**Q** 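To start, I am sharing the structure in question, which I have written as structure tokens.
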Amino acid sequence: IKIFYLVNEFADGSSNNLILTLMRGMDPSCFEYHVGGLKAIGGPMEEQFAGVGATVVSFGLPQGRPGLGGVRRIAKYIEQNQIQIVHTHVLRPDILGGFAARLAHRPAVLSTKHNMAYVRGQSSWLMRNLFYWPAMYLSDQIITVTEALRQQAIARLRINPARVTTIHNGIDAERY
């Protein structure tokens, strides 16, 4: 099964570490991993993704712009590599990856929610929420990292509860 994880960048952050943990915990004989970064910059996680056998690609989209022109490039990558599952994390990958997956006619689009959008007082919170809420309808399944987030997504977005699943983040205790 070919899985394409789409992230903003290859920074050492929580969503990228979650993806790396997922890849390490899954049977590599059953899955082929691809990780795409939207931004034009690399990062420390790029090598780690490659180290677990993932094909890593940077789409080089400019920072500070929505990057809707990149949708076609991402869709082309999905088609050329016959990706079966597109899994996005955070706002920009949710939007661009969701549209690209639909354009490429992919059967499964997953989006993991680590929080419930942007709160008042944060920079551009209103504009971001205008994009955030509709982006949730591009995914076939929404994964939340807590049950509280699941309940918020169902209540605020009025999404069918069957489309929202909670999968708690695990911690490899042996690492510590």
Side-chain angles (χ1 to χ4, degrees), residues 1-115 131-132 135-145 163-172 174-175:
I1 298 172
K2 297 180 180 187
I3 304 174
F4 178 53
Y5 297 100
L6 188 62
V7 299
N8 265 328
E9 60 190 339
F10 300 115
D12 187 1
S14 61
S15 58
N16 285 346
N17 281 299
L18 171 67
I19 293 167
L20 188 61
T21 300
L22 284 172
M23 289 190 293
R24 285 180 175 153
M26 293 167 38
D27 183 350
S29 68
C30 297
F31 299 96
E32 180 181 306
Y33 312 114
H34 297 253
V35 183
L38 295 178
K39 293 183 180 177
I41 55 174
M45 297 297 287
E46 195 168 359
E47 283 184 28
Q48 290 189 48
F49 288 137
V52 294
T55 300
V56 180
V57 60
S58 177
F59 291 100
L61 303 181
Q63 290 182 250
R65 290 191 241 157
L68 294 176
V71 169
R72 201 173 294 286
R73 287 200 334 243
I74 297 165
K76 185 177 179 181
Y77 182 86
I78 291 168
E79 288 173 341
Q80 287 177 340
N81 290 280
Q82 299 176 336
I83 300 297
Q84 295 163 285
I85 298 171
V86 175
H87 189 170
T88 64
H89 294 263
V90 304
L91 179 64
R92 197 169 177 213
D94 286 341
I95 294 168
L96 302 182
F99 280 121
R102 295 296 172 219
L103 187 63
H105 306 292
R106 291 302 105 183
V109 181
L110 308 174
S111 173
T112 295
K113 297 287 99 224
H114 302 268
N115 59 50
F131 289 103
Y132 180 88
M136 295 302 89
Y137 293 92
L138 294 170
S139 299
D140 297 305
Q141 191 72 25
I142 297 169
I143 301 166
T144 59
V145 297
R163 286 189 54 228
V164 187
T165 303
T166 298
I167 302 175
H168 298 280
N169 288 344
I171 297 174
D172 180 7
E174 289 182 23
R175 223 176 112 194

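Just so we're clear, the structure is a prediction, and the values are computed from it rather than from any experiment.
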**Q** Given side chain to side chain contact (heavy atoms under 4.5 Å, CB included), test Val7 with Met45 step by step and report yes or no.
**A** CA-CA 11 Å; Val7 299; Met45 297 297 287; over 6 Å; no
**Q** To check you understand the geometry: which heavy-atom pair defines the closest contact between Phe59 and Leu6, and what is its length?
**A**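 Here Phe59 and Leu6 meet closest at CE1-CD1, 4.1 Å.
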**Q** Starting at NZ of Lys2, measure out to CD1 of Ile85 and round the result to the nearest 0.5 Å.
**A**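 Interatomic distance, Lys2 NZ to Ile85 CD1, rounded to 0.5 Å: 12.5 Å.
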**Q** Distance from Ile74 atom CD1 to Glu79 atom CD, nearest 0.5 Å?
**A**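 Reported value, rounded in 0.5 Å steps: 12.5 Å.
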**Q** Rounded to the nearest 0.5 Å, how far does OG1 of Thr112 lie from NE2 of His87?
**A**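 Taking NE2 in His87 and OG1 in Thr112, the distance rounds to 2.5 Å.
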**Q** Taking all atoms of both residues into account, what is the closest heavy-atom pair of His114 and Ser15, and its distance?
**A**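 Distance-wise, the nearest heavy atoms are NE2-CB, 3.6 Å.
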**Q** Please report the shortest heavy-atom distance between Gln84 and Ile1, naming the atom on each side.
**A**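 Reported closest heavy-atom pair: OE1-CA, 3.1 Å.
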**Q** Tell me whether the count of non-hydrogen atoms from other residues, nucleotides or ligands lying under 6.0 Å of CZ in Arg102 goes above 12.
**A**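 Count over threshold, so yes.
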**Q** Under 4.5 Å between any side-chain heavy atoms of Tyr33 and Ile19, yes or no?
**A**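 No; the side chains remain at least 4.5 Å from each other.
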**Q** Answer yes or no: are there more than 12 heavy-atom neighbours, outside Glu47 itself, under 6.0 Å from its atom CD?
**A**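 At most 12 heavy atoms, drawn from other residues, nucleotides or ligands, come within 6.0 Å of this atom.
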**Q** If every non-hydrogen atom of Val90 is compared with every non-hydrogen atom of Asn8, which pair is closest and at what distance?
**A**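 So the minimum-distance heavy-atom pair works out to CG2-ND2, 3.5 Å.
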**Q** Taking the ring centre of each residue, are Tyr77 and Phe4 less than 6.0 Å apart?
**A**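 Yes, ring centres under 6.0 Å apart.
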**Q** Take Lys113 and Asp94 through the test side chain to side chain contact (heavy atoms under 4.5 Å, CB included) and record every step on the way to the result.
**A** CA-CA 10 Å; Lys113 297 287 99 224; Asp94 286 341; 2.5 Å; yes
**Q** Quick one: does Asn81's side chain have a donor or acceptor within less than 3.5 Å of a partner on Ile83's backbone?
**A**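 The answer is no, because no donor-acceptor pair under 3.5 Å joins these two groups.
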**Q** Just do the side chain to side chain contact (heavy atoms under 4.5 Å, CB included) check on Phe10 and Val35 with the steps written out, would you?
**A** CA-CA 9 Å; Phe10 300 115; Val35 183; 3.8 Å; yes
**Q** If every non-hydrogen atom of Leu110 is compared with every non-hydrogen atom of Ser139, which pair is closest and at what distance?
**A**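 Scanning both residues completely, I find the closest heavy atoms to be C-OG, 4.2 Å.
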**Q** Would you name the heavy atoms of Gly98 and Val109 that are closest together and state the gap between them?
**A**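 Nearest heavy atoms, Gly98 then Val109: CA-CG1, 4.5 Å.
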